[in-house]
Asks: 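One structure is given below, represented as structure tokens, and several questions about it will come after.
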Amino acid sequence: MKIYERLLAAANARSDDSAIRVRAAYEPTGGPGAKIFPPTVKSKATDAAGYLTEPRYLDGEPVTVVLLDQRQSQANRCEQALLDAVRRQEFFLPHLELATTAEGVPVRITSMEAPHRSRDAYFRDAQDSDGTPFDQTEAGAALRQAESSDLSAYLQLVPSDLVYGVWDSHRKRRIQVKVPRAYTSEMYGVAPLVGVRAAGRVDRLNLAGDTVAVTESGWSPLDGTKPAKGVATARMSELGHGMIPPSEGVGGVSVKSVHRQATVSMAQLASLRFGPADEELAAAGRALLAAIALLGDRLAFASPALHLRSGCDLVVVSEQVEWVQRGTDGRPVTQPLETATARDMLELFEIALERARKAGLEWTAAPVRVQPNASLQQAIAKSYQIAGIGEVGDE
């Protein structure tokens, strides 16, 4: 596969290829101009919900854009797509997995789902089946002792961390591992017109009563009386009953166009160091990480339609996946990627993995499995108790 040799050279700064770029245009499934819903954020100034907007240049002209999906969210979508494929047994990526039960319900969190990936507090507060703290296990110690000059443990145990970025920020240490993203992607809408909507609740029976008494056995109307001492109270609306008058809120946006821009940075991949590993293994490892980035993007975004959230379903209008090379005459040179389907990227990944293994890379066939320590287990169980999640009939 010719693309592998080109990827190998690019990921090791041995060619004029500086990045792989994806540029895609979308429109709402309802058609051009139909309303879509960005993620809401709380304004520091007004404490009200709103959308993230900012000025940018598009084709050399200043425009206002609304952010539809930020870099962190796009990376999470790729990680989830990779993990889903791993669970379908299409291929395997090494990762960490914390597993337990709470209120009779299986609980599982992997390093491809945790907020801080392999450096998340879930794994810091984990132990192996013998009760050894994760940081003291072979895998945990290798990750804990890694440095920017030697990321071999990450390549072997949690390679996706090196693709989507990781920062060991929770541990007190003079030198913390901090790896920038090699893959970035974001989505935005151009020239947003912000709509409004009235949100409320219509109760068909219009249950009467405002404040009720709440006990372990349930709730009961107060009928104008004061609750007994020590008895908690709640409003009917808090219990999901009664009328809620409509109130005005943000109601989506209409935009001129929707775009996604993604890049795989060859410069970032080339900057990764793997300690005493010979150059053949280091080079093959960087190419493998590039292949993971491309595979994650294609698994997450190569479909003809995309669901971001409720009210934000999009159809692909156009897409270009291209090499970005050293510029001439003030502009970078771009060339279409030879092939860019998810199936093709899986084939590329398999070739890259085979080459890395031949160079000496060792990957396990199963995740590193851990379980919560006593404190974390207690916190997880309490969370499930509060949420009322558990087996039917549990006391």
Asks: Do D84 and Q80 meet the criterion of a side-chain donor-acceptor pair at a distance under 3.5 Å?
Replies: yes
Asks: Which residues satisfy the salt bridge (Lys or Arg N to Asp or Glu O under 4.0 Å) test with R355, sequence neighbours excluded?
Replies: E5
Asks: Please determine whether a side-chain nitrogen of the Lys or Arg among R117 and D168 lies less than 4.0 Å from a carboxylate oxygen of the Asp or Glu.
Replies: no
Asks: Going by the rule side chain to side chain contact (heavy atoms under 4.5 Å, CB included), which residues pair with R326 if we only count those two or more places apart in sequence or in a different chain?
Replies: D16
Asks: Counting only heavy atoms not in Q320, do more than 12 fall under 6.0 Å of its CD?
Replies: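 Atom CD in Q320 is packed in, count exceeds 12.
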Asks: Which one of I292, I3, D297, V321 satisfies the side-chain contact (heavy atoms from CB on, under 4.5 Å) criterion with M345?
Replies: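 So, applying the side-chain contact (heavy atoms from CB on, under 4.5 Å) to M345 and each of I292, I3, D297, V321, only I3 qualifies.
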Asks: Quick check on the hydrophobic clustering: are V163 and V324 connected, directly or via other members, by side-chain heavy-atom contacts under 4.5 Å?
Replies: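 No, no single cluster joins them.
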Asks: Between H259 (side chain) and S257 (backbone), is there a donor-acceptor pair under 3.5 Å?
Replies: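 It does not hold such a pair.
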Asks: Suppose we screen for side chain to side chain contact (heavy atoms under 4.5 Å, CB included). Which residues come up paired with T233, at least two apart in sequence or across chains?
Replies: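 Once residues adjacent in sequence are excluded, the partners of T233 under the side chain to side chain contact (heavy atoms under 4.5 Å, CB included) criterion are T211, L222, P227.
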Asks: For N373 and S375, test the side chains for any donor-to-acceptor distance below 3.5 angstrom and give the result as yes or no.
Replies: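 No pair is found: no donor N or O on one side chain lies under 3.5 Å from an acceptor on the other.
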Asks: Tell me every residue that passes salt bridge (Lys or Arg N to Asp or Glu O under 4.0 Å) with R357, counting only those two or more places apart in sequence or in another chain.
Replies: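 For R357, no residue satisfies salt bridge (Lys or Arg N to Asp or Glu O under 4.0 Å) once neighbours in sequence are set aside.
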Asks: Kindly state each residue pair satisfying side-chain hydrogen bond (donor to acceptor under 3.5 Å, both in side chains) with at least one member in residues 128-139, sequence neighbours excluded.
Replies: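 Checked against side-chain hydrogen bond (donor to acceptor under 3.5 Å, both in side chains) - neighbours excluded - the pairs reaching residues 128-139 are D135-R171.
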Asks: For L143 and L157, work out which heavy atoms get closest and say how close.
Replies: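 Answer, listing the atom of L143 first, then L157: CG-CD1, 4.0 Å.
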Asks: Under the rule for salt bridge (Lys or Arg N to Asp or Glu O under 4.0 Å), what residues qualify as partners of E54, not counting sequence neighbours?
Replies: R56
Asks: Could you list the cluster mates of V63? Members are the ILVMFWY residues connected by side-chain heavy atoms closer than 4.5 Å, either directly or through other members.
Replies: V41, L52, L58, V65, L67, Y188, V190
Asks: Whether the T184 and T263 side chains hold a donor-acceptor pair (N or O, under 3.5 Å, no angle test) is what I'd like checked.
Replies: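 Per modelled atom types, T184 and T263 side chains form a pair under 3.5 Å.
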Asks: Hydrogens and angles aside, do T100 and Q377 bring a side-chain donor and acceptor to less than 3.5 Å of each other?
Replies: yes
Asks: Which residues pass the side chain to side chain contact (heavy atoms under 4.5 Å, CB included) test with I109, sequence neighbours left out?
Replies: A114, Y122
Asks: Can we say D17 and R6 salt-bridge, meaning some charged N sits less than 4.0 Å from an Asp/Glu carboxylate O?
Replies: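 Between R6 and D17 there is a salt bridge, with a charged N closer than 4.0 Å to a carboxylate O.
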Asks: Taking all atoms of both residues into account, what is the closest heavy-atom pair of P372 and A99, and its distance?
Replies: CD-O, 3.8 Å
Asks: Would you call E97 and R108 a salt bridge, taking side-chain N to carboxylate O under 4.0 Å as the test?
Replies: yes
Asks: Kindly write out the residues that satisfy side chain to side chain contact (heavy atoms under 4.5 Å, CB included) with V333, not counting sequence neighbours, or none if the list is empty.
Replies: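 Side chain to side chain contact (heavy atoms under 4.5 Å, CB included) check on V333 returns Q325, T328.
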Asks: Within the side chain of S265, is there an N or O that forms a donor-acceptor pair under 3.5 Å with the backbone of Q268?
Replies: yes
Asks: Using 30° and 60° as the class boundaries, would you call the ring planes of Y164 and Y183 parallel, tilted or perpendicular?
Replies: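 Rings of Y164 and Y183: perpendicular, as their planes differ by over 60°.
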Asks: Which pairs count as salt bridge (Lys or Arg N to Asp or Glu O under 4.0 Å) when at least one residue sits in residues 358-367, sequence neighbours excluded?
Replies: E354-K358
Asks: Name all residues meeting the side chain to side chain donor-acceptor pair (under 3.5 Å) criterion together with D69; count only those two or more places apart in sequence or in a different chain, and write none if there are none.
Replies: S73, Q74, R77, R309
Asks: Please list, chain by chain and in numerical order, all residues satisfying salt bridge (Lys or Arg N to Asp or Glu O under 4.0 Å) with R181, sequence neighbours excluded.
Replies: none
Asks: Verify the distance criterion only: is there a donor paired with an acceptor across the side chains of W167 and Q176 at less than 3.5 Å?
Replies: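 Per modelled atom types, W167 and Q176 side chains form a pair under 3.5 Å.
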Asks: Just wondering, are more than 12 heavy atoms of other shown residues or ligands nearer than 6.0 Å to CZ in R87?
Replies: yes
Asks: Salt bridge check, K256 against E61: does any charged N sit closer than 4.0 Å to a carboxylate O?
Replies: no
